[in-house]
Amino acid sequence: MVQRQHSHYDAFVRNVRHSSRIELSQSALKKNVNFLKKKLGSHPRYSAVVKANAYGHGIPQMVKMLEKCGVNHFSTASAYEAEEVLDHCSDSSEIMIMGILYDQDIDWAIQNDIEFYVFNYDRLPLVLEKAKKLKKKAKIHLEVETGANRTGMTEPFFSKSLTFLKRHQEYFIFQGMCTHLGGAESRSNQFRIDQQISRYKKYLAELKTRKFMPKYRHIACSAAVLGMPETHYDLVRIGVATYGFWPSPDIYYQHIQEIGKGKDAPMNRIISWKTDVMDIKNVPQGEFIGYGTAFQALHDMRVAVIPVGYSNGYPRGQSNNAHVLIGGRKAPVTGLINMNLFMVDITDIPGVEIGDEVVLLGKQKNNTINVNSFTNYTQLINNEMLSRLPTAIPRQIVR
Ligand SMILES: *Cc1c(COP(=O)(O)O)cnc(C)c1O
């Protein structure tokens, strides 16, 4: 077991309350993980993608919750995120950096047994030098170019990399050979994905010829896990589906077709976002609410003031255009979303009091606000809206 070096910060222990809170459902996560594991069968390893603060859910909490569900491999987009995972995961969990790792942080990665992608041949001699100095093997994944034209090395460099790794095996663990599919969620893009898969197979053939295999072959994201079993190989990188979202309507309809029913809900949203009524106002007919003339009261109204704004991740595009839940009823947003406040119409919701719970996202009694409803108004996609939720909002794990 490696002696891992933890950074020392606990930024979220504060004396006073934040203006909103996020709740994360352990039982919903369990259902998602079980459903996805069933799809995978016993072989491929489940790596939970926790980049972008675990798609806005919160790395510290999600790492703990996922470990409870038996997931102990985590993928991040940067060394910075990997360090946060490291601070919260158990010593036996593994961490993989799929994206940015600066030269100066390679030592840190090797020392802490963090796996990382290598997508440039030129990185290998540098990693070798550091591994030699530390007298410790570097765990690397070679990422190959198959058609996404993002990161990933082309065939000549892949070939050179294999020669290099073979020659310096005492300083490298060939942990993986991988690529990323450029849009596996869309059926109209399938021809591109098919081409990527066949190019990936050519790289695999080269590995076979050279008799040099990595521990994990991996290419699948959520959409590929759900829709293309042939892409599962030895490890899968599941982001959005872990959090209970279908990657796209295409993938959901394919699932529905496969199970032969009209609807099915094997996955569940984990996140709820809540706050409280901060104040209540009676607004006479003809008055305007908030900044400018965005909303005029056409009749006498009662409005509730909500202590959340666009600086807290509530999109400004929802101005005059969304609902929150109070007392289990839908209260429409009136006027602009301000930096830290917005107002909602509670004229038709009797008995609302200061301090009442407000649901911005999630369920209250028989009503639900989906992330999807945000995306209808704002052009933000699910991932974008969620990943913008500030890390400062406290996240609590609930049953
Ligand atoms: C984000 C990401 C994933 C996960 O994608 P989802 O569609 O959210 O499952 C997998 N692999 C890489 C390289 C990624 O950047």
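When a residue number appears, it is its place in the shown sequence, counting from 1. These numbers come from the heavy atoms of this one structure, side chains and all, not from hydrogens, waters or symmetry mates. For clarity, every value in this text was computed on a predicted model and none was experimentally measured. Every number for a ligand or one of its atoms is a count from 1 in the order of the listing.
Tested against L235, the residues H73, R217, K215 include a single side chain to side chain contact (heavy atoms under 4.5 Å, CB included) partner, H73.
Listed by number with element, the atoms of ligand 1 under 4.0 Å from a non-hydrogen atom of V49 are 3 (C), 4 (C). Close contacts between ligand 1 and R237 involve ligand atoms 4 (C), 9 (O), 10 (C), 11 (N), 12 (C), 13 (C) [criterion: under 4.0 Å to a heavy atom].
Of the candidates M98, K51, H180, K51 brings a heavy atom nearest to atom 1 (C) of ligand 1.
Put simply, part of R150 is less than 4.0 Å from ligand 1, judged by heavy atoms.
When all heavy atoms of K261 and I256 are compared, the pair lying nearest together is O-CG2, 2.9 Å. Between S75 and S47 the shortest heavy-atom distance is OG-OG, 2.6 Å. When every heavy atom of S19 is checked against every heavy atom of N312, the shortest pair comes out as OG-ND2, 4.1 Å.
On a distance-only criterion, A223 and ligand 1 share no N/O pair closer than 3.5 Å. Residue C221 has no N or O atom closer than 3.5 Å to an N or O atom of ligand 1. In terms of polar-atom proximity, defined here as any N/O pair under 3.5 Å, Y55 does make such a contact with ligand 1. For a threshold of 3.5 Å applied to N or O pairs, the pair formed by S222 and ligand 1 contains at least one separation below that value.
The existence of a salt bridge linking K130 and D103 is excluded, since no basic side-chain nitrogen approaches an acidic carboxylate oxygen closer than 4.0 Å.
Side-chain contact check for Q364 and E357: at least one donor-acceptor pair (N or O, by modelled atom type) lies under 3.5 Å.
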